Asks: 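Input: one structure, supplied below.
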Amino acid sequence: MTLFSVNLGYLLVQTLAAAIGTVGFSLLFGAPMRYYAYCALIGATGWFFYLIALPASSSAIATFIATVVVILMSRWYAVRKRCPVTIFLISGIIPLVPGAGIYWAAYYMVTEEFAMASAKGLEACKVAVAIVLGIVFVFELPQRLFRIGLKE
């Protein structure tokens, strides 16, 4: 599959599902209702970048790229809305968390398919590390970069 062979309908449905799921987690984590649309936009955009990057790279690299986008947007909206970045970060990163990989690793362990369990577990660990590195990478950027164009 090449970068441009991804079905547009598939991208739209997946992105919409990520937006809805992100709003669900925003509700679950107690984010104020006025930020739901921003959380949905951030989660959907992150998932969109993940889907676009996935055909051309591994899931860990695609997750890293998407995480960088999510954290950049989270920091940008946090400065503009004058609220904590965690409101957008936690709910926005949820679509990228390797829950299915962890599930399948545990499933294969229980069914004694240890080669598959280790492969799925290793992939889930790589994705988790990619998320952490993406967060750390963007949080190392100075706060003043996100204040550009903002009237004090």
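What's counted below: heavy atoms across the whole structure, side chains too, no hydrogens, waters or symmetry copies. Keep in mind the model is a prediction, meaning the values are calculated, not measured.
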Asks: Taking CZ in Phe29 as the centre, count heavy atoms belonging to other residues, nucleotides or ligands within less than 6.0 Å. Is the count above 12?
Replies: yes
Asks: Tell me which one of Val68, Leu41, Leu89 satisfies side-chain contact (heavy atoms from CB on, under 4.5 Å) with Met73.
Replies: Leu41
Asks: In terms of relative ring orientation, are Tyr38 and Phe88 parallel, tilted or perpendicular, with 30° and 60° separating the classes?
Replies: perpendicular
Asks: For side chain to side chain contact (heavy atoms under 4.5 Å, CB included), just list the numbers for Ile94 and Thr22, CA-CA rounded to whole Å, side-chain angles, deciding distance to a tenth of an Å, and then say yes or no.
Replies: CA-CA 7 Å; Ile94 288 294; Thr22 302; 5.7 Å; no
Asks: Just wondering, do Ile65 and Ile52 contact through their side chains at under 4.5 Å, heavy atoms?
Replies: no
Asks: Set out, in order, the CA-CA distance, both residues' side-chain angles and the distance that settles side chain to side chain contact (heavy atoms under 4.5 Å, CB included) for Thr63 and Tyr50, then state yes or no.
Replies: CA-CA 6 Å; Thr63 301; Tyr50 172 80; 3.4 Å; yes
Asks: Tell me, yes or no, whether the heavy-atom count around Phe25 atom CZ, taken from other residues, nucleotides or ligands under 6.0 Å, exceeds 12.
Replies: no
Asks: Consider only side-chain heavy atoms of I, L, V, M, F, W and Y, link residues closer than 4.5 Å, and tell whether Val13 and Ile20 are in one cluster.
Replies: no
Asks: Can Ile90 be reached from Leu28 by stepping across I, L, V, M, F, W or Y side chains whose heavy atoms are under 4.5 Å apart?
Replies: yes
Asks: Apply side chain to side chain contact (heavy atoms under 4.5 Å, CB included) to the pair Val70 and Val138, showing each step before the final yes or no.
Replies: CA-CA 10 Å; Val70 166; Val138 176; over 6 Å; no
Asks: What pair of heavy atoms forms the shortest contact from Ala18 to Trp47, and how long is it?
Replies: CB-CB, 3.5 Å
Asks: In Å, rounded to the nearest 0.5 Å, how long is the span from OH of Tyr108 to CE of Met116?
Replies: 4.0 Å
Asks: Please test Arg75 against Phe139 for side chain to side chain contact (heavy atoms under 4.5 Å, CB included), starting from the C-alpha separation and ending with a verdict.
Replies: CA-CA 8 Å; Arg75 289 193 68 189; Phe139 269 102; 4.0 Å; yes
Asks: State plainly whether one hydrophobic cluster holds both Leu96 and Leu16, where clusters connect Ile, Leu, Val, Met, Phe, Trp and Tyr through side-chain heavy atoms under 4.5 angstrom apart.
Replies: no
Asks: To check you understand the geometry: which heavy-atom pair defines the closest contact between Pro98 and Ala128, and what is its length?
Replies: CG-N, 4.3 Å
Asks: Which residues pass the salt bridge (Lys or Arg N to Asp or Glu O under 4.0 Å) test with Lys126, not counting sequence neighbours?
Replies: Glu123
Asks: Do other residues, nucleotides or ligands put more than 12 heavy atoms under 6.0 Å from the CZ atom of Phe146?
Replies: yes
Asks: Where is the tightest heavy-atom contact between Ile71 and Gly134, given as atom of each residue plus distance?
Replies: CG1-O, 4.4 Å
Asks: Is there a path of hydrophobic side-chain contacts, each under 4.5 Å between heavy atoms of I/L/V/M/F/W/Y residues, joining Tyr36 to Ile93?
Replies: no
Asks: Grab the two heavy atoms, one from Ala31 and one from Ile87, that are nearest each other, plus how far apart they are.
Replies: CB-CG2, 4.1 Å
Asks: Which atom pair, heavy atoms only, marks the closest approach of Gln143 to Val79?
Replies: NE2-CG2, 3.0 Å
Asks: To check you understand the geometry: which heavy-atom pair defines the closest contact between Ala117 and Ala105, and what is its length?
Replies: CB-O, 3.6 Å
Asks: Among the clusters formed by ILVMFWY side chains lying less than 4.5 Å apart, do Leu54 and Tyr10 turn up in the same one?
Replies: yes
Asks: Taking atom types as modelled, is there a side-chain donor on Lys81 or Tyr35 under 3.5 Å from an acceptor on the other?
Replies: no
